[in-house]
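What follows is one structure encoded as structure tokens, with my remarks underneath.
Every chain is numbered from 1 and lettered A, B, ... according to where its sequence line falls, protein lines coming before strand lines. Excluded from the calculations below are hydrogen atoms, water molecules and symmetry mates; all remaining heavy atoms, backbone and side chain alike, are included.
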Protein chains: 2
Amino acid sequence: MRKVERVATRRTVNRLSSDDRISDIMAAARAAVTEKGYEKVLISDIAERAGVVEGTIYRYFENKRDLLVKVAEAWFGGALSEDSRIDSIDGTMNKLRHLAWRTLSIIRREPVLARFMLMELRPDPSYRGSPFFDLNQRFTSDALRVCKQAIASGEFHDDVSAPMLRDMLFGCIEHRTWAFLRGEGEFSIDEVADGVAKVIYRGMLAAPAAASSADRLDEITGRLEQVTQALLKKT
Amino acid sequence: MRKVERVATRRTVNRLSSDDRISDIMAAARAAVTEKGYEKVLISDIAERAGVVEGTIYRYFENKRDLLVKVAEAWFGGALSEDSRIDSIDGTMNKLRHLAWRTLSIIRREPVLARFMLMELRPDPSYRGSPFFDLNQRFTSDALRVCKQAIASGEFHDDVSAPMLRDMLFGCIEHRTWAFLRGEGEFSIDEVADGVAKVIYRGMLAAPAAASSADRLDEITGRLEQVTQALLKKT
DNA sequence: CGATTTGATAAATGTTACTCATTAGTAAGT
DNA sequence: ACTTACTAATGAGTAACATTTATCAAATCG
């Protein structure tokens, strides 16, 4: 607790509106974190890019994490709102494929931000209850709803739960994306979206088509036999 | 670069063999990281538990990360070697289920270590080429082999690649585990292993029944044509 | 037993996130 | 216009770590 001696060497002061300051800092933070990732990015770096001094950042944001959480929220919220509604898509298979596709698109456009969000933020204890939690919830709940509906209507088997299916979808997508970020090979968004949707859809289909095909075949075969017999009698 | 003045207050010195020192430190580190996770655990904490001073740790390990990487490697390598060989299991479905089950078991037994390994270590740029990379490779390559075999033998469709299937399997498992660690509900290892294996298996099965339906349709169509022709001749 | 090597020790240093006393600029009151 | 009160920016400082290093106790060896 030593007494503090301060020197009065002060330059000019930048006076702007709060909104401008905040958006400057967030833009700088976004650029910096996109380049370096959460651990590596320094507050001093962000401050320099934004043209302010470190202390100024702490006037507008609680701490480093708070700042970057807000950056991630702004980005993810914006990306989500661009998307068309899932209900307008016909058929469970197409719905699943679209969900996979849109997730891959968002992640692929800003992989470092996505990584920060899904791997650094999500594990945090304070994650639940944060506005980001709601965003992510809204995101994955579409998939959950589609699966539940398919199970309830009898289109899907009921021997695997809807949350399991949701986790297969997003788990595959994320796993594949992180592997890509590590440099373990390329992949095509369309191919992954189609593959994962296809496996889930085919794996869960309660196969009414196959059953009814067999029934109808039996029926047709029977009638054909009748006709054949009738024809034979005539000759 | 100030000149350093040191005081000669020294207590007794603990002199042990290098091996003992190393295993003491690793045991302490493992206990500490299991309790607190990578970020939170302090070198000073590990040193205290191991009964050494901080500097001693740096005689045997490059840095904090190096120490914890070695801890994770030792644990994961041990857990893997306990497992029975996958080839002795009959049937693709059973193989997939066993792979899922053994992964879930290992992760579930030491979730914090697993999290550290799969989420902190794996994304690291220096990850490739590390001994841990090989371990993980060996781990997932079993799944890859099983899927490739099933595709090659015609048991599975060939319209989704084997690496996709592997990523669905491990992606689902990891996603589900992290959700559990976040406190988002319980889950049973058996249920998840069975579910994910079931969906992949059913979704990829080349469905010979459907093919035979097509054959029967061809046959019926042919016969119907005969009958029609016969009927037309009569009239 | 004395010299030399080994390796443990405690203090120093470096790096960052974060705090706070101080002041530049602004608005309000008279 | 001039004082006063307020707000926001500043940058030197603090705290919490990981990591380095000069020093010395113990072990080993000739």
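Taking CE from B/M26 and CG from B/L68, the interatomic distance works out to 9.5 Å, rounded to the nearest 0.5 Å.
The end-to-end axis angle of the helix from C/dC1-D/dG30 to C/dT30-D/dA1, rounded to 10 degrees and based on five pairs per end, is 20°.
No donor-acceptor pair closer than 3.5 Å links the side chain of A/K198 to the backbone N or O of B/G203. Panel note: side chain B/S141, backbone B/L144; no donor-acceptor pair is recorded below 3.5 Å. Checked by atom type and distance alone, the side chain of A/D45 never pairs as donor or acceptor with a backbone atom of A/V41 at under 3.5 Å.
One interatomic measurement links the two molecules: CD of A/E54 to C1' of C/dC20, which rounds to 14 Å at whole-angstrom precision. A/N63 places its CG atom 14 Å from the C1' atom of C/dT16, with the value rounded to the nearest Å. Atom CD of A/E62 is separated from atom C1' of C/dT19 by 14 Å (rounded to the nearest Å). To the nearest angstrom, C1' of D/dG13 lies 14 Å from OH of A/Y58. When rounded to the nearest whole Å, the span between NZ of A/K64 and C1' of C/dT19 equals 17 Å. The CZ atom of B/F61 sits 18 Å away from the C1' atom of D/dT20 (whole-angstrom rounding). Taking atom CG on A/L67 and atom P on C/dT16, their separation rounds to 17 Å, with Å as the unit. Distance, B/I22 CD1 to C/dA8 C1': 14 Å, rounded to whole Å.
The only member of A/D66, A/D24, A/L67, A/I22 that meets side-chain contact (heavy atoms from CB on, under 4.5 Å) when paired with A/Y60 is A/I22.
Contacts with DNA chain D (heavy atom under 4.0 Å) in residues 33-46 of chain B: B/V41, B/L42, B/I43, listed by number.
Salt bridge absent: A/D158 and A/K148 never bring a charged side-chain N and a carboxylate O closer than 4.0 Å. Salt-bridge formation is not detected for the pair A/D190/A/R97: no Lys NZ or Arg NE/NH1/NH2 atom is positioned less than 4.0 Å from an Asp or Glu carboxylate oxygen. Using a 4.0 Å cut-off between a side-chain N of Lys or Arg and a carboxylate O of Asp or Glu, B/R49 and B/E35 qualify as a salt bridge. In summary, A/R122 and A/E174 engage in a salt bridge, as defined by a charged side-chain N under 4.0 Å from a carboxylate O.
For C/dA8, the base has no donor-acceptor partner in the side chain of B/R21 [N/O atoms by modelled type, under 3.5 angstrom].
Taking only side-chain atoms of B/V53, from C-beta outward, the nucleotide of C/dA10, D/dA8, C/dA8 with the closest atom is C/dA10.
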